[in-house]
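Worksheet: one structure, shown below.
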Amino acid sequence: MSAPSILRRTGIAAALVGCVLALPYAIAEEDAEDLATGARLAELLRSGRNIVSNYQALINDPALGDKHLDSDRFAKEAIAVYSKQTGHDPLSGELTARDRRLLGAQIEAMREVVDEQQDNINREGIAFKGFVPAIFARLMNEKFAARVGNEARVRVTAPEQLVRNRKSLPDDWESRIIESVFSDPNTKKGEVYTEVTELDGRPVFRMLLPEYYTESCLSCHGEPKGEIDVTGYPKEGGKAGDLGGAISIVLFK
Ligand code: HEC
């Protein structure tokens with residue numbers, strides 16, 4: 001493996017997507033652009049997950065058939081959440097052509113997932129549908145990769161011992177950062193890690209955004225460790241505040 005040309009902790013909290021102007025002064029213009037793009041991609045993914053989370057009770061209502069949660073409504077609400085978080089509409093404002101292309105591909109990917117889930121979401125007589133935020137996110141990221149995978153990739157991964165779905169196993173780079181940076185008690189919580197390195201023989205900007213368990217995660221990822229949760233997986237024994245995973249972004253140069 002070649003040595004990374006840049007190795008840097010950006011020191012911005014994941015929530016500060018709207019504030020990318022407040023960057024460390026040393027960051028090169030091109031990297032700043034990649035950082036802004038990566039932050040936007042992470043935020044739009046989070047916005048989509050947010051909608052799936054907000055509507056879990058509706059989705060899992062066995063008494064109701066049509067939930068009227070189609071892809072138009074879903075995308076509109078996800079865009080509203082994104083706009084509220086960042087202060088910008090994802091497809092307007094000061095965006096590069098690449099931003100427009102990638103965020104547009106994310107919205108299409110999100111819509112495709114929700115379209116494909118309609119029968120499941122609207123099934124009467126079934127309570128838990130298994131359409132949880134993490135599944136939504138993985139499917140959305142897969143569809144995003146099918147559209148623009150030679151230009152950008154978004155995944156959600158986790159420390160290896162926590163991974164439920166093998167497709168979400170961390171690669172070597174992700175494992176290294178999770179173990180050496182995010183697990184280091186001296187690393188500030190929420191700090192985003194970025195690096196210019198190589199992937200598949202191509203130069204890339206990589207970005208890893210840590211995610212921590214909150215109380216709402218613990219019905220599945222909490223204690224007692226090993227107990228089977230509603231989705232059929234053994235619980236991880238996690239506690240609120242523990243590192244639960246990371247959003248991983250790749251932008252090919
Ligand atoms: C209803 C149960 C449930 C809840 C609540 C839940 N998850 Fe998960 N989580 C899952 C399932 C199921 C998967 C596997 C998804 C798949 O097959 O891709 C998963 C996967 C993940 C992954 C991807 C890596 C992997 O293990 O495959 C991360 C990271 C994650 N969850 C974090 C969280 C966080 C953080 C929260 C709270 C904000 C949360 N989860 C809430 C069930 C849950």
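Predicted model only: the values in this text are computed from it and were never measured. Each ligand, and each atom within it, is numbered from 1 in the order the structure gives.
Those atoms of ligand 1 with a heavy atom of Leu162 less than 4.0 angstrom away are 26 (O). For ligand 1, the atoms sitting less than 4.0 Å from at least one non-hydrogen atom of Val156 are 29 (C), numbered in the order shown with element in parentheses. Taking a cut-off of under 4.0 Å to the non-hydrogen atoms of Thr157, the atoms of ligand 1 that pass are 29 (C). For ligand 1 and Ser216, the ligand atoms under 4.0 Å from any heavy atom of the residue are 5 (C). Proximity to Ser168 (heavy-atom distance under 4.0 Å) selects the following atoms of ligand 1: 24 (C), 27 (O).
By the criterion of a separation under 2.8 Å, the protein N/O/S atoms near atom 8 (Fe) of ligand 1 amount to His221 NE2.
Ionic pairing of Arg138 and Glu142 is present here: one or more N-O contacts between side-chain nitrogen and carboxylate oxygen are shorter than 4.0 angstrom. Asp200 and Arg153 are joined by a salt bridge, as a carboxylate oxygen and a charged side-chain nitrogen come within less than 4.0 angstrom of each other. Between Asp229 and Arg164 there is a salt bridge, with a side-chain nitrogen of the basic residue lying less than 4.0 Å from a carboxylate oxygen of the acidic one. A salt bridge is defined here as a Lys NZ or Arg NE, NH1 or NH2 lying under 4.0 Å from an Asp or Glu carboxylate O, and Lys239 with Glu223 meets this definition. Residues Lys235 and Glu227 are paired through a salt bridge, judged by an N-O separation under 4.0 Å between the basic side chain and the carboxylate. Classification of Asp171 and Arg176 as a salt-bridged pair fails, no side-chain N sitting under 4.0 Å from a carboxylate O. A salt bridge links Asp31 with Lys253: the closest approach of a Lys/Arg side-chain nitrogen to an acidic carboxylate oxygen falls below 4.0 angstrom.
The single protein non-hydrogen atom nearest to atom 18 (O) of ligand 1 is Arg138 NE, 2.5 Å, given as residue, atom name and distance. Scanning the protein for heavy atoms near atom 15 (C) of ligand 1, the closest one is Ile135 CD1, 3.8 Å.
Between Trp173 and Tyr193, the ring-plane angle classifies as tilted under the 30° and 60° cut-offs.
Applying side chain to side chain contact (heavy atoms under 4.5 Å, CB included) to Val154 and the options Leu44, Ile249, Leu102 leaves one that passes, Ile249.
The shortest N or O to N or O distance between Ser219 and ligand 1 is not under 3.5 Å. Ligand 1 has a nitrogen or oxygen under 3.5 angstrom from a nitrogen or oxygen of Asn165.
A side-chain donor-acceptor contact under 3.5 Å links Asn141 to the backbone of Ala137.
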Practice item. Tell me, with the steps shown, if Lys143 and Glu108 meet salt bridge (charged side-chain N to carboxylate O under 4.0 Å, His left out). Key: CA-CA 8 Å; Lys143 294 193 186 297; Glu108 287 309 311; over 6 Å; no
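Under 4.0 Å from ligand 1, the heavy atoms of Thr231 that appear belong solely to its side chain.
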